[in-house]
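Report on one structure; see the data block that follows.
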Amino acid sequence: MFSKILIANRGEIALRVIRACRTLGIRTVAVFSEADRTAPHVRYADEAYAIGPAEPSASYLNIERILGAARTAKADAIHPGYGFLSENAAFAEACVRAGIVFVGPPPSVLRSVGDKDEARRTMAAAGVPVIPGSDRALADADEARRIAATLGYPVALKAASGGGGRGIRRVADAGALAEAFGRAAREAQQAFGDGRLYLEKLVESARHVEVQVLGDAHGNLRALGERACSVQRRNQKLL
């Protein structure tokens, strides 16, 4: 059992992890940017450390500052929550090198599925049908336009890293692609520190169904059943 966990996230995400840790009798460490100095997750945790300015790239996406806070607090583990660095294989590897447990999949798994572009190739190699689209991250908007022309519009530009509906743009025609590419890339860079995009044919009026899978370091694996996540706003699940 861990005695102290640092939560490398903010807001309600961090609060949920802190609540779970308190139930288990585990002390918690919050990190915060200058903009979140008085945020609820900072006040609710047992300890809290500043990790930089308001821009996520200099705070919640700054691996060295987060690891520095974990060393100072003598935390056993880091829980990334979701978004930010939660699907970043380099962060998981840095935790391993620092002797701190990363609460999540090992780096090898994150490299395969945390990067959406790589996940498409992994699933295709396993024989799982994937939506038609680019087979690697896009070099620029011109490459996106060429691929979109072969797929037919509408298409979707998507961030290769992260999740939470960030860095996604629906593109109805070729004239809208360049602006959508720039907006999606900037949003992805700000949210995940990675502006790479890939492209897929847009499936309209689709249902979003997820299967949650939980595994541990002892070889135990459970599928937790299906859940419909079709009710969304800004590509984020509401129900």
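Residue numbers count from 1 along this sequence.
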Is the shortest distance from a Lys or Arg side-chain nitrogen in [X] or [Y] to a carboxylate oxygen in the other one below 4.0 Å?
| X | Y | value |
| --- | --- | --- |
| E143 | R146 | no |
| E210 | K237 | yes |
| E87 | R111 | no |
| D36 | R10 | yes |

- Query: In a check of side-chain contact (heavy atoms from CB on, under 4.5 Å) between C21 and each of D46, V29, I5, which one passes?
  - Reply: I5
So, does [X] use its side chain to make a donor-acceptor pair with the main chain of [Y] at under 3.5 Å?
| X | Y | value |
| --- | --- | --- |
| D173 | A176 | yes |
| H218 | N220 | no |
| H41 | V31 | yes |
| D117 | R120 | no |
| R43 | T38 | yes |
| R196 | S161 | no |
| R65 | I51 | yes |
| S230 | R207 | no |
| N9 | I13 | no |
| Y44 | L15 | no |

- Let me see the working for I26 and M1 under side chain to side chain contact (heavy atoms under 4.5 Å, CB included), right down to the final yes or no. CA-CA 8 Å; I26 301 171; M1 177 68 75; 3.6 Å; yes
For the residue pair [X] and [Y], what are the closest heavy atoms and their distance?
| X | Y | result |
| --- | --- | --- |
| A94 | I63 | CB-CG2, 3.9 Å |
| F192 | A159 | CE1-CB, 4.2 Å |
| S59 | S33 | OG-CB, 3.7 Å |
| A92 | L110 | CB-CD1, 3.7 Å |
| A148 | L177 | CB-CD1, 4.0 Å |
| A184 | R169 | CB-CG, 3.8 Å |

- Task: Just do the side chain to side chain contact (heavy atoms under 4.5 Å, CB included) check on Y153 and V171 with the steps written out, would you?
- Result: CA-CA 7 Å; Y153 290 89; V171 184; 4.0 Å; yes
Should we say atom [atom1] of [X] is surrounded by more than 12 heavy atoms from elsewhere, each under 6.0 Å from it?
| X | atom1 | answer |
| --- | --- | --- |
| Q212 | CD | yes |
| E118 | CD | yes |
| R183 | CZ | no |

I need the [X] [atom1] to [Y] [atom2] distance, nearest 0.5 Å.
| X | Y | atom1 | atom2 | value |
| --- | --- | --- | --- | --- |
| F91 | F84 | CZ | CZ | 12.0 Å |
| E47 | T28 | CD | OG1 | 8.0 Å |
| Y49 | R71 | OH | CZ | 13.5 Å |
| S112 | M123 | OG | CE | 7.5 Å |
| D194 | S57 | CG | OG | 13.0 Å |
| L224 | L214 | CG | CG | 5.5 Å |

- Hey, quick one: are I100 and V103 part of the same hydrophobic cluster, counting side-chain heavy atoms closer than 4.5 Å, chains of contacts allowed? no
- Task: Flag yes if L85 and V17 sit in one hydrophobic cluster, no otherwise; membership is Ile, Leu, Val, Met, Phe, Trp, Tyr, and two members link when side-chain heavy atoms are under 4.5 Å apart.
- Result: no
- Query: Do L67 and I78 pass the side chain to side chain contact (heavy atoms under 4.5 Å, CB included) test, and can you show the C-alpha distance, the side-chain angles, and the key distance before you say yes or no?
  - Reply: CA-CA 9 Å; L67 288 176; I78 294 177; 3.8 Å; yes
Using a 4.5 Å cut-off on heavy atoms from C-beta on, say whether the side chain of [Y] contacts that of [X].
| X | Y | answer |
| --- | --- | --- |
| V101 | D76 | no |
| L151 | L199 | yes |
| I147 | L138 | yes |
| F181 | L157 | yes |

- Item | Test log, rule side chain to side chain contact (heavy atoms under 4.5 Å, CB included), inputs D135 and Y198 | CA-CA 8 Å; D135 58 5; Y198 67 100; over 6 Å; no
- Is R27 close enough and on-axis enough to F2, meaning under 6.0 Å and within 45°, for cation-pi? no
